[in-house]
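What follows is a single structure, written as structure tokens, with notes after it.
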Amino acid sequence: MSADRLHLVRHGEVHNPDHVLYGRLPNFRLSADGRVMARRAAEYVHGLGRPVGALVCSPLQRTRESAEPFTELFGIEPRVDERVIEPTNVFEGRRMSRALRNPLNWRHLVRPSVPSWGEPYAQVAARMDDAMTEAWNLTAAGDVVVVSHQLPIWVTHLAVAGLPFRHDPRSRRCGLSSVTSFERRGERWVEIDYVEPASLSGAVDVGAV
């Protein structure tokens, strides 16, 4: 037996008044709006009327907090998995608009297809696939919810769709508290849905890797 469906849920809006790229830095919590967004994502999944057999989240504060409404609605505690964490990034802790004006930082931009500024996209996709497959196989019945981050979810989408990893980070279809859903068919993942149940006008979506 295995799971029935797997949902990759992005965390909600982060309290980030300085608009830095927060990456894996500690103590970046959800904003008040972010908590509302996380709740709406959980309510959307709950509204599907499907049982949830497993809840997984990355170890960062914003994903743990975004998993809390799922615990409340489904009565299931999250299992922390390092494999669904945000990638590393050399610009972590800086404002990108300022960092990119410094010629000393341009060397980090020479290979955007890897990318040269952080963890390789292929490596992120591989560890996400490992985590998703394990969670799928360990869940006897019901859906799996994995609360993760924008880049890991987006490169998973690209990998499943058979698309190149190179992309413009500004063009990612992975809104705050969005839900990207997959099913396992044989040995491969198939993306079946993408929704943004928590869209809020004026939400600040900066700081992701």
Side-chain angles (χ1 to χ4, degrees), residues 3-16 22 28-81 84-86 124-125 128 131-132 135-136 139 141-161 163 167 169-184 189-209:
D4 300 312
R5 189 171 293 176
L6 185 144
H7 309 282
L8 294 183
V9 179
R10 188 184 171 197
H11 62 78
E13 181 189 69
V14 175
H15 179 69
N16 182 19
Y22 39 72
F28 276 88
R29 57 180 173 81
L30 294 183
S31 66
D33 279 347
R35 288 191 170 275
V36 172
M37 298 173 89
R39 180 77 187 188
R40 289 185 181 177
E43 289 173 345
Y44 165 76
V45 175
H46 189 261
L48 295 175
R50 305 172 59 88
V52 170
L55 175 62
V56 179
C57 69
S58 99
L60 297 178
Q61 182 174 347
R62 59 189 180 273
T63 43
R64 288 175 180 265
E65 290 176 349
S66 295
E68 289 173 1
F70 288 92
T71 296
E72 295 170 12
L73 290 175
F74 292 100
I76 185 169
E77 293 295 327
R79 175 174 61 83
V80 173
D81 192 331
V84 303
I85 198 172
E86 190 86 271
V124 177
M128 285 291 290
M132 292 165 62
W136 182 272
T139 304
D143 290 3
V144 176
V145 172
V146 179
V147 186
S148 184
H149 307 267
Q150 185 190 66
L151 189 279
I153 295 172
W154 181 242
V155 296
T156 297
H157 158 77
L158 295 176
V160 169
L163 297 173
H167 66 278
R170 297 168 296 182
S171 68
R172 294 172 186 158
R173 184 217 62 184
C174 187
L176 292 163
S177 289
S178 59
V179 182
T180 309
S181 301
F182 301 84
E183 290 180 353
R184 188 84 172 172
W189 294 105
V190 176
E191 184 174 326
I192 61 168
D193 201 11
Y194 170 81
V195 294
E196 295 185 9
S199 298
L200 288 178
S201 176
V204 179
D205 189 5
V206 298
V209 170

Inter-residue atom distance Phe182.CZ - Leu8.CG, 0.5 Å rounding: 5.0 Å
Can you list the steps and then say if Glu191 with Thr180 is a side-chain contact (heavy atoms from CB on, under 4.5 Å)? CA-CA 7 Å; Glu191 184 174 326; Thr180 309; 3.7 Å; yes
Spacing of CG belonging to Leu151 relative to OG1 belonging to Thr156, to within rounding of 0.5 Å: 9.0 Å
Find the distance between CZ (Arg35) and CZ (Arg40) and round it off to the nearest 0.5 Å. 15.5 Å
Do you know which two heavy atoms are closest between Ala131 and Val84, and how far apart they sit? CB-CG1, 3.7 Å
Please report the shortest heavy-atom distance between Pro152 and Glu86, naming the atom on each side. CD-OE1, 3.9 Å
Exam field: side chain Ser178 to backbone Arg10, donor-acceptor pair closer than 3.5 Å: no
Could you tell me whether the side chain of Ser148 and the main chain of Ile153 form a donor-acceptor pair under 3.5 Å? no
Take Val195 and Tyr44 through the test side-chain contact (heavy atoms from CB on, under 4.5 Å) and record every step on the way to the result. CA-CA 9 Å; Val195 294; Tyr44 165 76; 3.4 Å; yes
Less than 4.5 Å apart, any side-chain heavy atom of Asp143 and any of Val45? no
When rounded to the nearest 0.5 angstrom, what is the spacing between CG in Leu30 and OG in Ser177? 7.5 Å
Do you know the tightest heavy-atom contact between Met37 and Gly12? CB-CA, 4.4 Å
Smallest heavy-atom separation, His167 atom then Arg172 atom, equals NE2-NE, 2.9 Å
Got a second to check how far Arg173's CZ is from Glu196's CD, nearest 0.5 Å? 8.5 Å
Work out which heavy atom in Phe74 is nearest to a heavy atom in His46; give both atom names and the distance. CZ-CA, 3.4 Å
Heavy-atom pair with the smallest gap, counting every atom of Arg79 and Ala135: NH2-CB, 3.9 Å
Do Ile192 and Arg5 have side-chain heavy atoms sitting under 4.5 Å apart? yes
Quick check: does any side chain N or O of Thr63 sit under 3.5 Å from a backbone N or O of Ser58, one acting as donor and the other as acceptor? yes
First locate atom SG of Cys57, then atom CD of Glu77, and finally report the distance between them rounded to the nearest 0.5 Å. 10.0 Å
Taking Arg39 as the fixed residue, which of Glu68, Glu65, Glu72 is the one that meets the salt bridge (Lys or Arg N to Asp or Glu O under 4.0 Å) rule? Glu72
Over 60° means perpendicular and under 30° means parallel, so tell me whether Tyr22 and Phe28 are parallel, tilted or perpendicular. tilted
Step by step, work out the salt bridge (Lys or Arg N to Asp or Glu O under 4.0 Å) result for Glu183 and Arg50. CA-CA 14 Å; Glu183 290 180 353; Arg50 305 172 59 88; 5.2 Å; no
Beyond-backbone contact of Val145 with Val179, side-chain heavy atoms, under 4.5 angstrom: no
